[in-house]
Amino acid sequence: MTVDMREGYEGTGRGAITPDGCAVEVYSRLPAGPEPDIIAAAVPAGAHILELGSGVGRMTHPLLERGFTVTAVDESAQMLARIHGARTICRPIEELDLGAEKFDVVLLASFLVHAGDEAVRRGLLRTCARHVAEGGSVLIQREGEDYHTDVPRERVDPSGFTVRIASVRPVGDGVDSVHVEYTFPDGSWTQTFLARPLSKEEFEAALAEAGLEVDEYLTPDGTWVRAVPVA
């Protein structure tokens with residue numbers, strides 16, 4: 001299947017590659033980490049979550065196991081085909097409009113708020129604001145403070161694979177091209193994508209533009225945030 005890649009995004013390795021350069025095979029292997037517990041602690045039990053950029057269900061499935069109802073959205077049909085037990089919608093996040101349907105929680109993880117294209121970022125945050133119910137919240141995952149500067153760096157997972165941020169290269173207008181390498185015992189994959197660093201002030205200004213404001217920074221490093229519609 002031929003995939004139209006987003007400009008500035010690229011991926012290599014066997015199997016399907018999504019428009020933003022993600023390898024479906026890699027994301028099927030990555031562990032969920034602490035994220036499902038962070039999310040579960042920040043929202044009401046049994047909430048209906050709109051998960052934007054769900055991929056293969058790395059967080060979808062643990063959230064389902066914790067008793068949440070999840071609607072998973074991704075622009076890759078190959079990613080969504082790996083999800084079981086949740087309603088799935090194949091569409092670019094910035095174009096999603098489910099009309100009057102609202103959700104207790106809207107989830108925008110995987111650093112998507114750092115999209116290199118500001119128009120895309122605005123679209124992502126408008127989608128969040130458009131679909132959050134009255135009294136609900138939007139959970140957003142931000143990059144760590146040194147994400148673009150502590151390079152190269154790598155992490156060896158206990159299960160035996162290595163993730164390496166090989167390079168971060170400025171490409172103009174405050175945007176960086178980030179190159180990541182994934183090495184498993186049986187193969188290697190790469191992803192190159194565009195990311196825009198956002199200071200706390202820039203992040204909060206982007207939220208405000210979409211009609212959202214910070215309710216609480218959920219983790220000491222500020223990478224997980226609960227936002228709510230501006231009253």
Side-chain angles (χ1 to χ4, degrees), residues 2-13 17-23 26-27 51-55 73-76 79 91-97 106-132 138-155 163-182 189-214 217 219 221-227 229-230:
T2 301
V3 174
D4 292 329
M5 302 298 294
R6 290 177 179 255
E7 186 175 354
Y9 293 73
E10 178 180 12
T12 67
I17 304 292
T18 68
D20 60 354
C22 294
V26 167
Y27 278 80
E51 185 186 5
L52 302 175
S54 62
V73 178
D74 202 276
E75 67 180 348
S76 167
M79 286 282 198
R91 201 165 304 163
I93 298 166
E94 63 270 29
E95 298 176 9
L96 183 71
D97 189 345
V106 180
L107 176 61
L108 187 70
S110 302
F111 313 135
L112 292 175
V113 73
H114 291 272
D117 187 330
E118 290 185 304
V120 170
R121 185 194 68 214
R122 293 188 184 102
L124 299 177
L125 291 174
R126 282 196 299 265
T127 294
C128 292
R130 184 163 54 241
H131 292 95
V132 64
V138 178
L139 298 191
I140 301 171
Q141 185 183 25
R142 301 170 61 222
E143 293 173 344
E145 188 173 316
D146 59 352
Y147 187 88
H148 290 251
T149 55
D150 181 18
V151 178
R153 66 180 184 274
E154 67 180 37
R155 177 180 64 84
V163 181
R164 184 170 190 263
I165 309 293
S167 65
V168 173
R169 179 174 57 87
V171 292
D173 189 32
V175 179
D176 290 333
S177 177
V178 182
H179 183 72
V180 184
E181 300 169 352
Y182 299 90
W189 290 262
T190 71
Q191 181 185 10
T192 303
F193 59 92
L194 301 181
R196 181 182 296 273
L198 294 174
S199 68
K200 181 179 176 182
E201 293 73 24
E202 290 168 333
F203 169 69
E204 293 182 358
L207 290 183
E209 186 181 19
L212 299 168
E213 62 184 2
V214 171
Y217 285 90
T219 52
D221 61 4
T223 57
W224 276 94
V225 184
R226 182 172 58 218
V230 175

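A distance-only check finds no donor-acceptor pair linking the side chain of Gln191 to the backbone of Ile17 [under 3.5 Å]. Side-chain N or O atoms of Glu10 include none that pairs as donor or acceptor with a backbone N or O of Gly21 at under 3.5 Å. A distance-only check finds a donor-acceptor pair linking the side chain of Arg130 to the backbone of Leu96 [under 3.5 Å]. Counting only distance, with no hydrogens or angles, the side chain of Thr219 and the backbone of Trp224 share a donor-acceptor pair below 3.5 Å. At least one donor-acceptor pair closer than 3.5 Å links the side chain of Asp221 to the backbone N or O of Thr223.
The shortest non-hydrogen separation linking Pro19 to Asp4 is CB-O, 3.5 Å. A pairwise comparison of heavy atoms in Trp189 and Gly13 identifies CD1-CA, 3.4 Å as the closest pair. Met79 approaches Cys22 most closely through the heavy-atom pair CE-CB, 3.7 Å. Between Pro197 and Gly174, the closest heavy-atom pair is CD-O, 3.4 Å. Heavy-atom minimum distance, Val151 versus Ser167: CG1-CA, 3.7 Å. Smallest separation of non-hydrogen atoms from Asp146 and Arg153: O-NH1, 3.9 Å.
Here Leu112 contributes atom CG and Thr127 contributes atom OG1; the two are 11.5 Å apart, rounded to the nearest 0.5 Å. Separation of atoms CE (Met5) and OG1 (Thr192) is listed at 9.0 Å; rounding is to 0.5 Å. Atom CZ of Phe203 sits about 10.0 Å away from atom CZ of Arg121, to the nearest 0.5 Å. Here CZ of Arg226 is found 12.5 Å from CD of Glu213. Values are rounded to the nearest 0.5 Å. Note that OG of Ser199 is 10.5 Å distant from CD of Glu145, once rounded to the nearest 0.5 Å. Distance check: Ile165 CD1 to His179 NE2 gives 10.0 Å after rounding to the nearest 0.5 Å.
The salt bridge (Lys or Arg N to Asp or Glu O under 4.0 Å) check on Glu204 picks up nothing, with sequence neighbours excluded. Glu143 pairs by the salt bridge (Lys or Arg N to Asp or Glu O under 4.0 Å) definition with nothing, not counting sequence neighbours. Shown here are the ring-ring contact (aromatic ring centres under 6.0 Å, His included) partners of Tyr147, two or more places apart in sequence or in another chain: Phe111.
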From CA spacing to verdict: side-chain contact (heavy atoms from CB on, under 4.5 Å), Arg142, Lys200:
CA-CA 10 Å; Arg142 301 170 61 222; Lys200 181 179 176 182; 4.3 Å; yes
Q. Can you list the steps and then say if Tyr27 with Thr18 is a side-chain contact (heavy atoms from CB on, under 4.5 Å)?
A. CA-CA 11 Å; Tyr27 278 80; Thr18 68; over 6 Å; no
Margin query: Could you walk me through whether Val180 and Val163 satisfy the side-chain contact (heavy atoms from CB on, under 4.5 Å) test, starting with their C-alpha distance in whole Å, then the side-chain angles of each, then the deciding distance to 0.1 Å, before giving a yes or no?
Written below: CA-CA 7 Å; Val180 184; Val163 181; 3.9 Å; yes
Chi angles and distances behind the salt bridge (charged side-chain N to carboxylate O under 4.0 Å, His left out) call for Arg196, Asp173 = CA-CA 9 Å; Arg196 181 182 296 273; Asp173 189 32; 3.3 Å; yes
Going through the checks in order, is the salt bridge (charged side-chain N to carboxylate O under 4.0 Å, His left out) test met by Arg6 and Glu75?
CA-CA 11 Å; Arg6 290 177 179 255; Glu75 67 180 348; 2.9 Å; yes
Evaluate the criterion side-chain contact (heavy atoms from CB on, under 4.5 Å) for residue pair Val106 and Leu52; output intermediate values, then yes/no.
CA-CA 7 Å; Val106 180; Leu52 302 175; 3.6 Å; yes
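Using a 4.5 Å heavy-atom cutoff, the side chains of Thr190 and Glu181 are in contact. In this structure, the side chains of Leu207 and Val138 stay at 4.5 Å or more apart for every pair of heavy atoms. Between Val113 and Leu124 the shortest side-chain heavy-atom distance does not fall below 4.5 Å. The shortest side-chain heavy-atom distance between Leu125 and Leu108 falls under the 4.5 Å cut-off.
For Glu118, the CD atom counts as densely surrounded, since its 6.0 Å shell holds more than 12 non-hydrogen atoms of other residues, nucleotides or ligands.
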